[in-house]
Chemist: 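Below is the structure I would like to discuss, written out as structure tokens.
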Amino acid sequence: MAAHMRRLTQRYRAVINNNLTSLTSLRGYLSRSYSQVQTDFSSNRVRRTFTDFFHELYQHIIVPSSPVRPRGDPSLLFVNAGMNQFKPIFLGAADPRSEMATYRRVVNSQKCVRAGGKHNDLEDVGRDVYHHTFFEMLGNWSFGDYFKEEACIMAWRLLTEEYRIPPERLYVSYFAGDATSGLPEDEETRHIWLSMGVPSDHLLPFGMKDNFWEMGEIGPCGPCTEIHYDHIGGRNAASLVNADSPDVVEIWNLVFMQYNREADHSLRSLPQFSVDTGMGLERLVTVLQGQRSNYDTDLFTPLLSAIQQRSNCPEYRGRTGEADVGKVDMAYRVVADHVRTLSVCIADGVYPGMSGAELVLRRILRRAVRFSTEVLQAPEGVLASLVPTVAHILGDAYPELHKETDRIMDIINENEAQFLSSLKQGRRVIDRTLQRLEKNDTLFPVPVAWSLHRNLGFPLDLIGLMLEEQGLSVDQRALDVLAIENEKLRCQMQTSVGDTLVHLDLHSLAQLQSGEVPHTDDSPKYHYSLAQDGKYVFQPCHATVQALYCGQTLVSEVAGGQRCGVVLDRTCFYAEQGGQSHDQGYFIRDGLPDVLYPVEAVQLAGGYVVHQVTAAEVLRKGDQVQLYLDEPQRLACMVKHTATHILNFALRQLLGSSVEQRGSHVAADRLRFDFSVKGSLSIPQLQEIERSIHNIITENNAVYIEEVPLARAKDIPGLRTVDEVYPDPVRVVSVAVPVADLYDSQTDRWTSVELCCGTHLLTTGEIGDLVIISERQMVKGISRIVAVTGDDAREAREAGQVLTQEVESLSARLAMVTSLSLADANRLAKEVGILTDAVDCTPIPQWKRRELQTRLKGLQRTTNTSIRKLETKEAAVKAQSLFKKNGNKNIVVDTVDTDSISVLMKTVNQYSDRAPGTLVMLLSHQQPSGKVLCACQVPKGFSALSASDWALTVCVRLGGNAGGSATVAKGTGSVANLTEALRCAEEYAQDKTQNRC
């Protein structure tokens, strides 16, 4: 590696000589003195200057920012660094046919979000003047082109010449080395900066934590050099570098990708060195505009002004901590930051939702709404009204913000209205609870806090903030316990929901019927429509409590905290049936609007719909209640159910009318479909099914639903039914063809038509996309398909592309290798294994999984064959050496230097082949762990000594175990000194052969 570094130094020294004029000007610039920073840089000019500098002067390609939703990277919720979109290049996985594979020099400004996951700034936003959930990362990259010297020259020239930052305000850190990792000090970078005229007292060494950058636990990494800026000036501020001082801040990080962190945590030199730099635009603009707060720059001041105009609050003054009375300035910062994040994310197709990145965005929106309405006293709609201001600030760089402004505003307004309704209820719940507390109480009841989170969707941190304003807190540990228990319950209900439900018993059903309690009218579950804006509207439902079931009996009332079954006269909740999951939501009692009764499950029993509820307060027979459906969960089930019908149709189209449905399950996150088929579907069949479904989705066909007499329904040609008892009349669900036309013999269009009680979409386009992520034979003749839709389908396709690129990269590396060492072969085999696990476990198209599995099996065979050959070759050398040492002695007990039990066994075998009458035991001592590997062999038919007994005796003495046959055996143990083990092994064999024991 040292020689390689010397060659690189010589190469880049030539680059420096070619740039001597620039270097001279840098030295001259260092001698100047500036009393203040220039302030004539707008944020747009700063961004444009950065990209133009690298593009025009150093021939970098300007690459547009990727969307904030990661492209096929399930390890990230959001793009959180400029290098994310170039990860395939760093990993050697870029498609050779793609433009990305041609990149050598690249520059861009990348949209980034840090909220949720490993990098999470959400809770800090607003409390200080520099944290953000959305920010822009300016970066330049070299992929196997220039390296340290030219990167440093470019950075310093840009900062001091183009941006005119006084050099005396700048400090540079570099990697000090790390003895534990065997990494030397980055003297090369230090000398580069010194040769450029950076004073030695402005050049500081730091360790792994500050100046060694890693992509992850494994992958490309390397030392970095950081440029820091002193806001004060006129002093030596070296002691404040990397000291968390707000006066001295890092502005640019230059990472030199020259190592790869292996799975065993060792470092290997990369075949191609790269440069990855990152400079936060917000922080740079703060410096160039002479400010101390990011919020005082033109990236935020127009937003803060717009907030003030719309809220009639006192103007923003930039206060923090205790000085910020009422947290008004914190609210300004929260709203300004969050509306930027919301605008950028929604424009990139990430909407507030119920899981993953969507759930994080939902939290961000609700946090912004709460600060806007409750702290700034802004009227509803103000948050969305700020979107045009965001587009004005950022639209030149990201024109999609102009294009999507109306849609962004609509989504924010819709989600704000939903949350404000919940917020009002939550505030009433808190106020009502406070009235019940004793004066000295400082802890808020955990069950109430959990109800706000579970039923109204309040983020737990938001509950804490609301209570903090009242001088209260909540037991966070108890909340964490409830969250864990809730997750366990959710998992149990997914796997064995029947064990947790309240079931109406036979006697209670008879009692209801004899009491002439009418069956539940559940027709309101079908009362929804499609509005002109393309959104589904679910009608409200008011009901009366008909019966309460608790403790295996019908009761007239239940107390707070009791778990019970509630039978209503009518309901809009869908009870689990027809393979579709039950609805979720809650209801409230008339006259008690701030008490929520969460509906945990819904069953149908003898015509009665039973809502499983844990009562929050007393509930009585005859109470009037208002029902609230979890609309996103219901809509997700509708999507999956309609998609299941289309999948059924596509299977029949491809495989013929003999295909029969054997079961299905529709949930919010995925669908499952069991069907009869002779064997697993082939790759072309899986691809054809997905194509057929995609065509129906893109046609956006209408879904027709109509109740008809059962006898008439059975006359419909091509009707799909399953083996169950149908009601009469029965609901007919037909895709693209009106139900009335299905009876027309002239209708020649073959379509999906089924008898179904489930809830469905009204048009197929809402499905978005469908990907089969699993298909396997459950039993002979019965296959099961698991599929996802919408965004999950898109993410599955992207993940499949990423894994394909990784398999192609590994395959190419194997093909290029002409000779392997055993260590290299084992490492490649391990890579194949890791990639195989990823392909097996990641949700990707099933046809793609099968293709990749086939390729990986071939790679595994290749590496295994190489390993066997190399092990045999290595064992032969070791056996030859041992034979020269020990010859044909009756008993050979010796040591071998290897960390492979396979090599040890092969060595024993080959020695025995050379000396057929010899008893052979070989031990290998692993350092520094002290682990011992043991292998032995005795001549076939040798009755005095069993190989398994021999190995077991020795390994037990070593604190381990062993096993094998009478002829060959192996085992492991652990010992600090191997001498005693060797003596024991030889004495045991001698005793046995001399028949003394």
Chemist: Check each of Trp213, Phe212, Phe256, Phe206 against Phe175 using the ring pair (Phe, Tyr, Trp, His ring centres under 6.0 Å) test, and report the only one that passes.
Modeler: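 Running ring pair (Phe, Tyr, Trp, His ring centres under 6.0 Å) over Trp213, Phe212, Phe256, Phe206 with Phe175 returns exactly one hit, Phe212.
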Chemist: Please tell me whether Phe53 and His55 form a close aromatic pair, meaning their ring centres lie under 6.0 Å apart.
Modeler: no
Chemist: Enter the distance from Glu315:CD to Asp329:CG here, rounded to the nearest 0.5 Å.
Modeler: 9.5 Å
Chemist: Just so I know, are the side chains of Val339 and Ser343 near enough to count as touching, which here means a heavy-atom distance under 4.5 Å?
Modeler: yes
Chemist: Quiz question: by atom type and distance under 3.5 Å, do the side chains of Thr320 and Asp128 form a donor-acceptor pair?
Modeler: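 Per modelled atom types, Thr320 and Asp128 side chains form no pair under 3.5 Å.
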Chemist: Atom OG1 of Thr341 and atom CD1 of Ile346: how far apart are they, to the nearest 0.5 Å?
Modeler: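 Result: 10.5 Å between the selected atoms.
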Chemist: Just checking, any donor-acceptor pair under 3.5 angstrom between side chains of Glu380 and Thr373?
Modeler: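 Checked: Glu380/Thr373 side chains show no N/O donor-acceptor pair below 3.5 Å.
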Chemist: If the plane angle is over 60° it's perpendicular, under 30° parallel, otherwise tilted; pick one for Tyr103 and Phe143.
Modeler: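 If you compare the ring of Tyr103 with that of Phe143, the planes turn out parallel.
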Chemist: For Arg317 and Asp324, run salt bridge (charged side-chain N to carboxylate O under 4.0 Å, His left out): C-alpha distance rounded to whole Å, both residues' side-chain angles, the deciding distance at 0.1 Å, then the answer.
Modeler: CA-CA 9 Å; Arg317 296 175 59 186; Asp324 184 17; over 6 Å; no
Chemist: Testing the 3.5 Å rule here: is there a donor-acceptor pair between the side chains of Glu136 and Ser109?
Modeler: yes
Chemist: Is Arg105 salt-bridged to Asp145, cutoff N-O under 4.0 Å?
Modeler: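 Asp145 and Arg105: salt-bridged.
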Chemist: Taking the six-membered ring of Phe50, is the NZ or CZ of Arg47 close enough (under 6.0 Å from the centre) and on axis enough (within 45°)?
Modeler: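 Negative - Arg47 is either too far from the ring of Phe50 or too far off its axis.
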Chemist: From Leu303 CG over to Tyr295 OH, what is the distance, rounded to the nearest 0.5 angstrom?
Modeler: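 Answer for the CG-OH pair, Leu303 versus Tyr295, is 10.5 Å.
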Chemist: Is any side-chain N of the basic residue among Arg427 and Glu374 closer than 4.0 Å to the acidic one's carboxylate O?
Modeler: yes
Chemist: Inspect the contact between Asp396 and Arg48 and indicate whether a charged nitrogen and a carboxylate oxygen are less than 4.0 angstrom apart.
Modeler: no
Chemist: Between Glu416 and Arg370, does at least one N-O distance fall below 4.0 Å, as a salt bridge requires?
Modeler: no
Chemist: Got Ile165 and Val287 here, is their nearest side-chain heavy-atom distance under 4.5 Å?
Modeler: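 Contact flag for Ile165/Val287 side chains = yes.
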Chemist: Does the side chain of Asp210 come under 3.5 Å of the side chain of Tyr174 through a donor N or O and an acceptor N or O?
Modeler: no
Chemist: Answer yes or no: is there an ion pair linking Lys111 with Glu400, defined by an N-O contact shorter than 4.0 Å?
Modeler: yes
Chemist: Report yes or no: do Glu282 and Thr286 form a side-chain donor-acceptor pair below 3.5 Å?
Modeler: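 No, no side-chain donor-acceptor contact under 3.5 Å.
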Chemist: Are Arg794 and Glu798 ion-paired here, with the side-chain N under 4.0 Å from a carboxylate O?
Modeler: yes
Chemist: Roughly how far, to the nearest 0.5 Å, is the CD1 atom of Ile411 from the CD atom of Glu404?
Modeler: 8.5 Å
Chemist: Between Glu250 and Met279, is any pair of side-chain heavy atoms under 4.5 Å apart?
Modeler: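 A side-chain contact under 4.5 Å is absent here.
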Chemist: Looking only at the side chains, is there a donor atom on one of Ser173 and Asn211 sitting less than 3.5 Å from an acceptor on the other?
Modeler: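 Result is yes, a qualifying pair exists.
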Chemist: Any chance the side chains of Ser274 and Trp141 put a donor and an acceptor closer than 3.5 Å?
Modeler: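 No donor-acceptor contact under 3.5 Å links the two side chains.
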Chemist: So Phe54 and Tyr58, would you call those rings parallel, tilted or perpendicular, with 30° and 60° as cut-offs?
Modeler: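 Ring orientation of Phe54 relative to Tyr58: tilted.
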Chemist: When rounded to the nearest 0.5 angstrom, what distance separates CZ in Arg169 from CG in Leu159?
Modeler: 14.0 Å
Chemist: With a 4.5 Å heavy-atom cut-off, do Leu299 and Arg340 have their side chains touching?
Modeler: yes
Chemist: Any chance you could lay out the side chain to side chain donor-acceptor pair (under 3.5 Å) test for Asp348 and Tyr398, step after step, and finish with the verdict?
Modeler: CA-CA 10 Å; Asp348 280 351; Tyr398 310 112; over 6 Å; no
Chemist: If you compare all heavy atoms of His132 against all heavy atoms of Asn294, which two are closest, and at what distance to 0.1 Å?
Modeler: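 Where His132 meets Asn294 most closely, the heavy atoms are NE2-ND2, 3.0 Å.
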Chemist: Quick one: do the Tyr316 and Arg333 side chains pair a donor with an acceptor below 3.5 Å?
Modeler: yes
Chemist: Evaluate the side-chain proximity of Glu358 to Arg69: yes if any heavy-atom separation is below 4.5 Å, no if none is.
Modeler: yes
Chemist: Establish, from distance only, whether the side-chain atoms of Gln289 and Thr297 form a donor-acceptor pair under 3.5 Å.
Modeler: no
Chemist: What distance separates Ser422 OG from Leu452 CG, expressed to the nearest 0.5 Å?
Modeler: 10.0 Å
Chemist: Check whether any side-chain heavy atom of Asp298 sits under 4.5 Å from a side-chain heavy atom of Phe41, and report yes or no.
Modeler: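 Sidechains of Phe41 and Asp298: no contact.
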Chemist: Against Val172, only a single residue in Thr225, Thr189, Leu204 fulfils side-chain contact (heavy atoms from CB on, under 4.5 Å); can you say which?
Modeler: Thr225
